[in-house]
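Just so it is clear: chains get the letters A, B, ... in the order the sequence lines come, proteins before strands, and each one is counted from 1. Treat the numbers as computed from the prediction; the structure is a model and nothing was measured.
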Amino acid sequence: MKNTKKNIIKTLEAMSSIENLTMLAELKEKHTPFQMLIATILSARAKDEVTLPVSKELFKKYGTPKTLANADSRIVKNIIKKIGFYNTKTKAIIATANKIQDDFHGHVPETLDQLMSLPGVGRKVANCVLVYAFGKNAIPVDTHVHRISNRLGWAKTKTPDQTERRLEAIIPRKYWPLVNETLVKYGKTICAPISPFCSKCTVAVSCPRIGVIKSR
DNA sequence: AAAACGGGGGC
DNA sequence: GCCCCAGTTTT
């Protein structure tokens with residue numbers, strides 16, 4: 001099957017049959033943009049089942065830029081310890097809270113460049129905040145999106161950055177926010193990194209199986 | 001381009 | 001006990 005825009009949209013719709021929301025889509029319901037930002041920073045290379053409860057626990061004490069900016073790093077470190085990379089992440093989220101206070105009047109910025117200027121925020125986290133916290137058009141590319149895009153032949157790329165450019169070129173803007181949500185859900189369940197459940201994949205017919213890229 | 005950061009969950 | 005996990009920063 002050729003990678004026309006119509007076919008890609010059809011494939012995305014076919015993959016969206018999975019009913020569970022991603023962690024970020026779930027968090028969106030009851031959390032502020034600042035809390036979405038912090039939870040997204042914390043989620044890097046960590047599992048949702050750990051990140052979710054830890055984030056909620058953190059927000060009980062430090063749920064605003066003001067409170068987190070002035071937090072005791074030892075207490076924060078202890079709360080988020082289970083996530084891993086906790087030294088780095090503690091420093092990052094406190095510094096980010098301070099920068100939001102000092103440079104952005106206490107509000108999470110809404111542009112990609114400004115978000116990426118925050119400590120601990122790279123392109124993926126910034127794009128996630130744009131999509132999940134502010135409802136803007138962007139395509140956050142994590143390992144799931146990168147892996148599946150390459151398996152399906154939508155992209156033949158080495159880096160997530162290249163994948164993002166490619167997807168933005170071949171997918172109409174109005175579908176951009178769906179790409180991350182759909183592919184992450186699909187990647188967690190069917191199109192797994194190591195042993196994908198191809199027998200249960202509803203879009204296998206569209207999958208050229210151009211090699212199986214490494215999990216990381 | 002490669003290394004460092006990391007505890008917890010799954011098997 | 002070993003491997004993996006919604007990346008980012010530093011070397």
Side-chain angles (χ1 to χ4, degrees), chain A residues 15-16 18 20-29 31 33 35-58 73-99 112-134 136 138-151 157-164 167 176-197 212-216:
Chain A
M15 286 190 296
S16 65
I18 298 167
N20 292 340
L21 294 174
T22 63
M23 178 181 70
L24 294 182
E26 186 188 325
L27 274 174
K28 178 172 60 175
E29 302 300 326
H31 293 78
Q35 293 168 339
M36 297 292 298
L37 167 65
I38 299 303
T40 309
I41 293 174
L42 295 182
S43 73
R45 309 304 297 165
K47 294 188 176 178
D48 292 352
E49 58 235 71
V50 180
T51 307
L52 200 50
V54 165
S55 297
K56 289 179 177 174
E57 188 63 31
L58 178 71
S73 66
R74 290 169 299 182
I75 298 179
V76 172
K77 208 174 286 190
N78 193 50
I79 294 174
I80 74 169
K81 191 176 174 69
K82 288 197 290 289
I83 294 184
F85 299 147
Y86 53 88
N87 285 307
T88 306
K89 286 176 177 176
T90 294
K91 194 180 299 180
I93 61 177
I94 291 177
T96 275
N98 273 287
K99 180 151 187 170
L112 184 67
D113 288 344
Q114 289 175 327
L115 284 164
M116 287 182 67
S117 77
L118 301 170
V121 178
R123 198 172 181 90
K124 182 265 174 183
V125 170
N127 274 323
C128 277
V129 171
L130 290 179
V131 169
Y132 289 99
F134 295 125
K136 304 208 171 195
I139 304 182
V141 176
D142 53 33
T143 53
H144 291 300
V145 176
H146 183 59
R147 176 183 70 256
I148 297 175
S149 295
N150 277 277
R151 280 184 179 168
T157 46
K158 285 285 284 183
T159 70
D161 269 31
Q162 293 166 350
T163 299
E164 185 186 332
L167 292 178
W176 288 6
L178 283 180
V179 176
N180 175 268
E181 178 68 10
T182 302
L183 265 52
V184 169
K185 279 193 295 188
Y186 212 70
K188 287 176 180 295
T189 53
I190 308 293
C191 197
I194 304 299
S195 302
F197 299 92
V212 176
I213 70 172
K214 290 166 63 179
S215 63
R216 299 190 176 216

Report summary line: Of B/dG6, B/dG8, C/dT8, the nucleotide closest to the side chain of A/V125 is C/dT8
**Report entry** Nucleotide B/dG9, atom P - distance to CG of A/L52 in whole Å
**Finding:** 14 Å
Query raised in the report: For A/T143 and C/dG7, is the shortest distance between a side-chain N/O and OP1 or OP2 below 4.0 Å?
Result: yes
Query raised in the report: Are A/K185 and A/N20 close enough that a side-chain donor and a side-chain acceptor fall under 3.5 Å?
Result: no
Query raised in the report: Closest nucleotide of DNA chain C for A/M116 versus for A/V184: which of these residues is on the 5' side?
Result: A/V184
Query raised in the report: Hey, does A/K89 reach any base, or is it just sugar-phosphate, or nothing, if we go heavy atoms under 4.0 Å?
Result: nothing
Requested in this report: Go through the N and O atoms of the side chain of A/T22 and the base of C/dA6, and report whether any donor-acceptor pair is under 3.5 Å.
Outcome: yes
Query raised in the report: What integer number of Å spans the P atoms of B/dA4 and C/dA6?
Result: 23 Å
Report summary line: In whole angstroms, the gap separating C1' of B/dA1 from CD of A/Q162 amounts to 14 Å
**Report entry** Nucleotide of B/dG6, C/dA6, C/dC5 approaching A/N87 most closely (side-chain heavy atoms)
**Finding:** B/dG6
Query raised in the report: Which is true for A/N180 with a 4.0 Å heavy-atom rule: it touches a base, it touches only sugar-phosphate, or it touches nothing?
Result: base
**Report entry** Side-chain N,O (A/Y86) to OP1/OP2 (B/dG7) below 4.0 Å
**Finding:** yes
Requested in this report: Using the P atoms only, state how far B/dG9 lies from C/dT8, rounded to an integer number of Å.
Outcome: 24 Å
Query - Side-chain donor-acceptor contact under 3.5 Å, A/T163 with A/S149 - result: no
Query raised in the report: Which nucleotide sits closest to the side chain of A/F85: C/dC5, B/dG8, C/dG7?
Result: C/dG7
Query - Nearest to side-chain heavy atoms of A/T88, which nucleotide of B/dC5, C/dA6, C/dG7 - result: B/dC5
Query raised in the report: Between A/K81 and A/Y86, is NZ or CZ placed under 6.0 angstrom from the six-membered ring centre and within 45° of the ring axis?
Result: yes
Query - Test applied, side-chain contact (heavy atoms from CB on, under 4.5 Å); reference residue, A/L42; option that passes from A/I93, A/T90, A/V125 - result: A/I93
**Report entry** Phosphate contact (B/dG10 OP1 or OP2) by A/K47 side-chain N/O below 4.0 Å
**Finding:** no
Query raised in the report: Taking atom C1' of B/dG7 as reference, at what distance in whole Å does atom CD1 of A/I83 sit?
Result: 10 Å
Query raised in the report: Where the side chain of A/N180 meets the backbone of A/P140, is there a donor-acceptor pair that is under 3.5 Å apart?
Result: yes
Report task. Using atom types as modelled and distance alone, determine if a side-chain donor or acceptor of A/E57 lies under 3.5 Å from a backbone N or O of A/I79. Result -> no
Requested in this report: For C/dC3 versus B/dG6, give the span between their C1' atoms, rounded off to a whole number of Å.
Outcome: 13 Å
Report summary line: Rounded to whole Å, the CZ-P distance (A/R123 to C/dG7) equals 16 Å
**Report entry** First of A/V121 and A/H144 reached from the 5' end of DNA chain C, by closest nucleotide
**Finding:** A/H144
Query raised in the report: Once you round it to whole Å, what is the distance between C1' of B/dG10 and NZ of A/K188?
Result: 14 Å
Report task. Grab the NE2-C1' distance between A/H146 and C/dG7 for me, whole Å please. Result -> 13 Å
Query raised in the report: A/I79 has an atom CD1; how far is it from atom P of B/dG8, in whole Å?
Result: 15 Å
Query raised in the report: Base, sugar-phosphate, or nothing for A/S43, non-hydrogen atoms under 4.0 angstrom?
Result: base
Report task. With heavy atoms under 4.0 Å as the rule, sort A/K81 into base, sugar-phosphate or nothing. Result -> sugar-phosphate
Requested in this report: Write down the distance between CZ (A/R45) and P (C/dC5), rounded to a whole number of angstrom.
Outcome: 6 Å
